[in-house]
Amino acid sequence: IAGVLGVAISGGILLTIDSQLPANRQRLMITEARAKHLVYIGEWRQRDEWLCEMPGLTVFRIAQQSGDVVSAAGAREPEDAPIAESSREDAAYIFFTSGTSGVPKGVLGSHQGLSHFLHWQRRTFRIGPGDRCAQLISLSFDAVLRDIFLPLVSGATLCLPDPGVDPASEEALAWLQGQRCTLFHAVPTLAQAWLGNVPSGVTLDQLRWAFFAGEALSEALVRRWRSAFPASGRIVNLYGPTETTMVKCFHVVPDRPASGVQPAGRPLPQTQALVLNESGQLCGVGEPGEIVLRTPYRALGYVNAPQEQSKRFVRNPFRNDPYDLVYYTGDGGRYRANGD
């Protein structure tokens, strides 16, 4: 967490790397991002020697237990430096897509995009000093920034699981209960795994908000969750690709959830969620089409992928403004009769 904040304060661009990823994937991320510095936290592993051979990369090794900094050859001694002057439009972070449709692409996010989302979530759900927020998302996904920064900008407590706690096991439920967590972010698949074996005494009665994103949220899962934890709080379905920064639609699931898949809901402020047909025209109610998002708080685009950039980030077809771009998500959707 200190490293993440240090990069933000320094004016650098953050790239988080899960040390459990295959070396080839890590190498691709470092190369595509053109990283200059790497903060290596924890005990050094011999299998990571290749990092010191990456051209132009300086590795800083930080012993996790003592906090002492052990620099690699060529690293400068620590020195005091002023806080960087960053503008709203400056790049803040890079996260890579999964690569399921080809080579992983780096998505460049801005300070204003992250700030806009955090401000909205903090105010909409009244996150404050009394909240305790769980950090369950992997370092490989941009949603980890929600986990980290939401409590820090809200005066809330950020709760970090012990290294031995498997987020996909029932241990995580016991940990959430023991930490008295009031909110978490997770994919529906994770909740499905938890519900397979709920430990005795786990009620999640301190929980105020369960935020689900990244996959379709089903009515069946909502009902199973409420049956297992009747004393827990509300469920929120979130939708938004990495390319549009965190989340761009939300739906607070009512007491009677919608049948089947829960709606993506309504867009955030200063955001439009459109459904367009193959001709690029707005779909009618119930007509299937592609979800297209319009917001000034989208990501800045892809790193080293100009063709994909021009294909996905397209000038708004309804206005003659080269700076007014929309993002074609590739996701199917439709308008519901109530406007969701």
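As the structure is a computational prediction, the values presented were derived from the model and not from experiment.
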Non-hydrogen side-chain atoms of [X] and [Y] separated by less than 4.5 Å:
X: V39; Y: I62; value: yes
X: L21; Y: S140; value: yes
X: R312; Y: E243; value: no
X: E49; Y: W44; value: yes
X: R132; Y: Q179; value: yes
X: V303; Y: K105; value: no
X: L14; Y: T16; value: yes

Are [X] and [Y], when compared by the centres of their aromatic rings, separated by less than 6.0 Å?
X: F125; Y: F211; result: yes
X: W194; Y: F184; result: yes
X: F313; Y: Y328; result: no

Separation between [atom1] of [X] and [atom2] of [Y], rounded to the nearest 0.5 Å:
X: I13; Y: H37; atom1: CD1; atom2: NE2; answer: 11.5 Å
X: I148; Y: C133; atom1: CD1; atom2: SG; answer: 12.0 Å
X: H116; Y: Q270; atom1: NE2; atom2: CD; answer: 4.5 Å
X: R298; Y: T242; atom1: CZ; atom2: OG1; answer: 15.5 Å

Can we say D324 and R294 salt-bridge, meaning some charged N sits less than 4.0 Å from an Asp/Glu carboxylate O?
yes
Please determine whether a side-chain nitrogen of the Lys or Arg among R315 and D321 lies less than 4.0 Å from a carboxylate oxygen of the Asp or Glu.
no
Cation-pi between R234 and W209: NZ/CZ under 6.0 Å from ring centre and within 45° of the ring axis?
no
Distance alone, cut at 3.5 Å: any donor-acceptor contact between the side chains of [X] and [Y]?
X: Y93; Y: D142; value: no
X: T329; Y: E290; value: no
X: Y239; Y: D331; value: yes

Passes side chain to side chain donor-acceptor pair (under 3.5 Å), Q121 versus H185? Steps please.
CA-CA 12 Å; Q121 191 175 23; H185 299 93; 3.0 Å; yes
Under the side chain to side chain donor-acceptor pair (under 3.5 Å) criterion, do Q26 and W50 qualify, and how do the steps go?
CA-CA 11 Å; Q26 295 185 48; W50 61 271; 5.6 Å; no
Verify salt bridge (charged side-chain N to carboxylate O under 4.0 Å, His left out) between D18 and R25, making sure each step is shown before the conclusion.
CA-CA 10 Å; D18 188 337; R25 170 78 180 205; over 6 Å; no
Could you give me the CA-CA distance, side-chain angles and deciding distance for E215 and T189, then say whether side chain to side chain donor-acceptor pair (under 3.5 Å) is met?
CA-CA 8 Å; E215 300 167 349; T189 300; 2.6 Å; yes
